[in-house]
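Structure first, commentary second.
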Amino acid sequence: MGAGEVLEGRLPEGSPARLRGWIHRKFVVGGKIFVRLRDSTGVLQCVIDRARVGDGVYGAFEEAKRESSIVVEGTVHREPRAPGGWELRVTRGHVVWPSEDFPIRGKEGVEFLLDNRHLWLRSTRMRDILKIKHTVLEALREYYRERGWWEVTPPILTGSAVEGGATLFKVDYFGEPAYLSQSAQLYLEVLIYSLERVWAITPSFRAEKSRTRRHLSEYTHFEVEAAWMDMEDMMRVVEETVEHVVSRVLEDRGRELENLGRDTTQLERVRRPFPRLTYTEAVERLRSKGVAMEWGEDFGADEEAALTRDFDRPFFVTLFPKQIKAFYMKEYEQDPRLVKGFDLLAPEGYGEIVGGSEREDSYEKLLARIREEGLDPKDYYWYLDLRRYGSVPHSGYGLGVERLVMWIAGLDHIRDATPFPRFRERLRP
RNA sequence: GCCGGGGUAGCUCAGCGGGUAGAGCGCCGGGCUGUUAACCCGGUGGUCGGAGGUUCGAGCCCUCCCCCCGGCGCCA
């Protein structure tokens with residue numbers, strides 16, 4: 001039995017109930033103690049009347065501070081004076097473990113709450129976000145499981161840099177330098193030769209000292225790779241995935257979205273097909289709005305924000321100049337200056353949540369690109385081998401789960417999309 | 001890394017013509033027969049981020065350092 005079930009009216013008036021939880025708030029007025037009991041399902045008011053429970057129980061609860069763990073038994077009643085319209089009239093109960101003075105009351109600043117993250121995670125807000133993230137992960141898995149894609153487990157410890165080198169976390173691997181993974185992509189590409197359509201959820205790490213509301217040093221990376229798919233095929237997969245996740249969250253987490261003050265009409269618009277424009281069209285569109293930008297530059301924060309204001313649902317930008325994208329993206333057949341990459345940008349200023357591409361499947365072209373980037377082909381021998389032994393057209397994408405959660409939940413900072421955020425020098429708790 | 005803002009009571013902040021620190025909340029004690037982030041009365045509480053310096057005197061001025069917040073770059 002949980003507080004949330006009582007608040008939903010699942011028990012008839014007068015039913016007996018036993019609840020376990022923590023004291024969320026407490027008011028002592030006259031001969032009664034109003035204890036707001038919090039558990040994983042919600043917060044329910046419990047009334048402890050000295051005349052009903054006796055001096056012993058009454059005294060124990062009178063002493064108990066916020067966040068003490070408690071067990072109470074009684075009967076549930078409709079009560080207009082209680083928050084949520086229901087309360088428990090306690091007949092028995094006890095304090096399991098008392099709490100010291102709880103340091104968080106709700107007006108604390110960002111730094112204090114981060115230092116006390118282990119306690120702040122008990123808040124209604126964090127609980128709502130954690131539940132939304134759960135549903136996002138569940139919906140992602142559900143989409144691919146139902147369609148027969150294989151879940152795989154790529155490594156986190158890697159022996160060489162995948163993309164750049166500057167943003168890798170270096171670790172000591174039995175005396176040899178190793179790095180924490182930034183992306184499982186290259187390993188997923190290996191695995192499609194075995195399973196054809198694969199996906200993985202792994203932590204990814206970026207050592208960049210980012211100072212923005214959209215970056216974490218450690219984040220949850222949802223990555224997908226499939227043989228025989230071109231860029232268009234993969235964009236359709238992305239569309240369906242995002243639509244599925246958003247509708248699942250609307251279905252299952254309506255109350256949490258409401259608690260967080262999320263405008264769900266924005267989410268209800270997330271329906272296929274998503275608008276798409278090429279990089280070149282995006283540059284022209286920005287220029288027509290007076291944004292100074294050269295073809296061949298990557299979008300900065302201002303450019304991206306200006307673009308997202310034009311759309312009321314997620315949209316794709318495709319076919320980027322080769323020089324601003326990673327070496328593994330496939331050259332566009334109709335224009336060798338371009339690669340077949342795509343980004344999915346969320347509206348309302350949230351920006352990029354997915355990055356994907358068709359991968360270069362020609363051995364010669366891939367080798368040339370690796371050299372152009374100044375990378376050592378020896379580090380990529382196994383990746384290059386894939387193009388020597390029955391190379392196959394294939395595509396994939398990566399999705400930042402925290403960014404998706406941030407957008408869906410309407411958060412103003414990515415740090416709240418994960419229970420233990422890692423960024424800058426913050427490593428504790 | 002760069003630009004901007006900030007570190008004063010447990011928390012959120014005020015204090016600046018340089019004269020030796022204040023409020024609200026919390027906490028402690030008391031009161032209140034239904035509270036809603038309760039209310040009323042009394043009390044408690046500070047190496048003013050750190051180290052130097054200027055000065056008769058520094059939270060306030062100067063120098064260096066540390067930490068935090070917002071933004072940029074980079075990206076998912």
Side-chain angles (χ1 to χ4, degrees), chain A residues 24-36 43-51 63 65-66 77 79-85 87 89 100-116 119-120 123-124 162-164 166-168 181-185 201-224 238 297-305 324-326 341-346 350-357 396-407 412-415 417-418 423-426:
Chain A
H24 184 243
R25 257 180 254 293
K26 194 184 83 172
F27 307 95
V28 181
V29 183
K32 287 176 181 149
I33 305 169
F34 297 88
V35 169
R36 302 272 166 77
V43 177
L44 180 71
Q45 174 159 290
C46 304
V47 183
I48 297 167
D49 189 331
R50 189 194 288 271
E63 291 291 304
K65 295 176 175 176
R66 293 172 50 234
H77 299 272
E79 172 52 70
R81 292 170 295 186
E87 70 181 18
R89 297 195 186 139
E100 296 179 25
D101 292 329
F102 199 66
I104 299 174
R105 302 190 321 286
K107 288 185 293 188
E108 290 73 17
V110 173
E111 185 183 3
F112 186 83
L113 290 177
L114 283 170
D115 287 340
N116 290 283
L119 303 176
W120 177 234
S123 65
T124 306
V162 170
E163 295 182 37
T167 62
L168 290 159
S181 173
Q182 290 192 326
S183 166
Q185 180 196 318
I201 299 178
T202 50
S204 275
F205 304 87
R206 304 281 161 109
E208 195 72 44
K209 285 190 175 179
S210 299
R211 175 76 262 172
T212 85
R213 60 184 66 196
R214 299 177 50 224
H215 288 84
L216 291 168
S217 302
E218 175 179 354
Y219 65 99
T220 309
H221 212 166
F222 184 87
E223 290 174 281
V224 165
V238 170
E297 290 176 355
D298 208 348
F299 303 116
D302 290 346
E303 290 79 27
E304 194 174 284
I324 60 172
K325 288 292 176 184
F342 62 88
D343 286 348
L344 184 74
L345 310 208
Y350 283 96
E352 187 177 349
I353 51 175
V354 168
S357 70
Y397 78 87
L399 178 155
V401 172
E402 284 78 12
R403 284 202 180 164
L404 183 59
V405 169
M406 182 186 175
W407 163 54
D412 57 12
H413 202 296
I414 199 166
R415 64 181 159 233
T418 198
F423 54 89
R424 278 291 179 127
E425 282 80 21
R426 188 163 288 279

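Being a predicted model, the structure only gives us computed values, none of them experimental. Excluded from the calculations below are hydrogen atoms, water molecules and symmetry mates; all remaining heavy atoms, backbone and side chain alike, are included. Chain letters run A, B, ... following the sequence lines, proteins first, then strands; residues in each count from 1.
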Could you pull out the closest heavy-atom pair between A:Leu119 and A:Phe102, with the gap in Å? CB-CZ, 3.6 Å

Planes under 30° and centres closer than 5.5 Å, is that true for A:Tyr219 with the base of B:A76? yes

Mind checking A:Gly106 for me? I need base, sugar-phosphate or nothing, with any heavy atom below 4.0 Å counting as a touch. nothing

Between P of B:C69 and CZ of A:Phe112, the distance in whole Å: 15 Å

Donor/acceptor link under 3.5 angstrom from A:Glu108 side chain onto base of B:G10: no

Looking for any heavy atom pair under 4.0 Å, which part of the strands does A:Val28 touch: base, sugar-phosphate only, or nothing? base

What are the two closest heavy atoms between A:Pro203 and A:Glu218, and how far apart are they? CB-OE2, 3.9 Å

What heavy-atom pair brings A:Glu304 and A:Gly351 nearest, and what distance separates the two atoms? OE2-CA, 3.2 Å

Nearest-nucleotide check on RNA chain B, A:His221 vs A:Gly109; residue mapping nearer the 5' end is A:Gly109

Any N or O donor-acceptor pair under 3.5 Å from the base of B:C75 to the side chain of A:Arg403? yes

Would A:Lys65 and A:Asp101 count as a salt bridge (Lys or Arg N to Asp or Glu O under 4.0 Å) if you check the C-alpha gap in whole Å, the side-chain angles of each, and the deciding distance to 0.1 Å? CA-CA 7 Å; A:Lys65 295 176 175 176; A:Asp101 292 329; 2.9 Å; yes

Nearest-angstrom distance from the residue atom CG of A:Asp115 to C1' of B:G49: 14 Å

Any side-chain donor paired with an acceptor under 3.5 Å for A:Tyr219 and A:Arg403? no

Separation of B:G70 atom P from A:Phe423 atom CZ, nearest Å, is 7 Å

For B:G50 versus B:G46, give the span between their P atoms, rounded off to a whole number of Å. 15 Å

Could you tell me whether the side chain of A:Asp343 reaches within less than 4.5 Å of the side chain of A:Lys325, counting heavy atoms only? yes

Could you tell me how far apart A:Asn116 (CG) and B:C11 (P) are, to the nearest whole angstrom? 9 Å

For B:U33 versus B:G22, give the span between their P atoms, rounded off to a whole number of Å. 37 Å

Which is true for A:Asp298 with a 4.0 Å heavy-atom rule: it touches a base, it touches only sugar-phosphate, or it touches nothing? sugar-phosphate

What nucleic acid atoms does A:Glu218 come within less than 4.0 Å of, heavy atoms only: base, sugar-phosphate, or nothing? nothing

Check whether any side-chain heavy atom of A:Val224 lies under 4.5 Å from a side-chain heavy atom of A:Phe222, and answer yes or no. yes

If you only use heavy atoms from C-beta on, which nucleotide in B:A76, B:C72, B:G34 is closest to the side chain of A:Arg206? B:A76

Ranking B:C75, B:U35, B:G70 by distance to the side chain of A:Arg213, first place goes to B:G70

In this structure, how many angstroms lie between the C1' atom of B:C68 and the CZ atom of A:Arg415, rounded? 11 Å

Is the shortest side-chain N/O distance from A:His24 to OP1 or OP2 of B:A37 below 4.0 Å? no

Which whole number of Å gives the distance between the P atom of B:C3 and that of B:C75? 22 Å

Indicate the atoms forming the closest heavy-atom contact of A:Ser183 with A:Ser204, along with that distance. N-OG, 3.7 Å

Face-to-face stacking of A:Phe34 with B:U35, centres under 5.5 angstrom, angle under 30°: yes

Residue-phosphate contact under 4.0 Å: A:Arg25 side-chain N/O, B:U35 OP1/OP2: no

Measure the distance from CZ on A:Phe27 to C1' on B:G31 and round it to the nearest whole Å. 18 Å

Under 4.0 Å between a side-chain N or O of A:Arg81 and OP1 or OP2 of B:U33? no

Taking the side chain of A:Glu352 as heavy atoms from C-beta outward, which of B:U35, B:A76, B:C72 is closest to it? B:A76

Any side-chain heavy atom of A:Arg66 sitting closer than 4.5 Å to one from A:Arg105? yes

Where along nucleotides 22-28 of chain B does protein come under 4.0 Å, by heavy atom, of base (B) or sugar-phosphate alone (S), with - for untouched nucleotides? ---BSSS

Could you walk me through whether A:Glu223 and A:Thr202 pass the side-chain contact (heavy atoms from CB on, under 4.5 Å) check? CA-CA 8 Å; A:Glu223 290 174 281; A:Thr202 50; 4.0 Å; yes

Closest nucleotide among B:G34, B:U35, B:A76 to the A:Pro83 side chain: B:U35

Just how far, in rounded Å, is P of B:C72 from CD of A:Glu303? 11 Å

Return the value, rounded to whole Å, for the distance between atom CG of A:Asp49 and atom P of B:U33. 13 Å

Under 4.0 angstrom, heavy atoms only, what part of the nucleic acid is A:Glu402 near: base, sugar-phosphate, or nothing? nothing

For A:Tyr350 and A:Met406, the nearest pair of non-hydrogen atoms, with its separation, is CE2-O, 3.7 Å

Dot-bracket encoding of pairs in RNA chain B, which uses [ ] for pseudoknotted crossings and | for another strand, Watson-Crick or G-U under 3.5 angstrom: (((((((..((((.....[..)))).(((((.......))))).....(((((..]....))))))))))))....

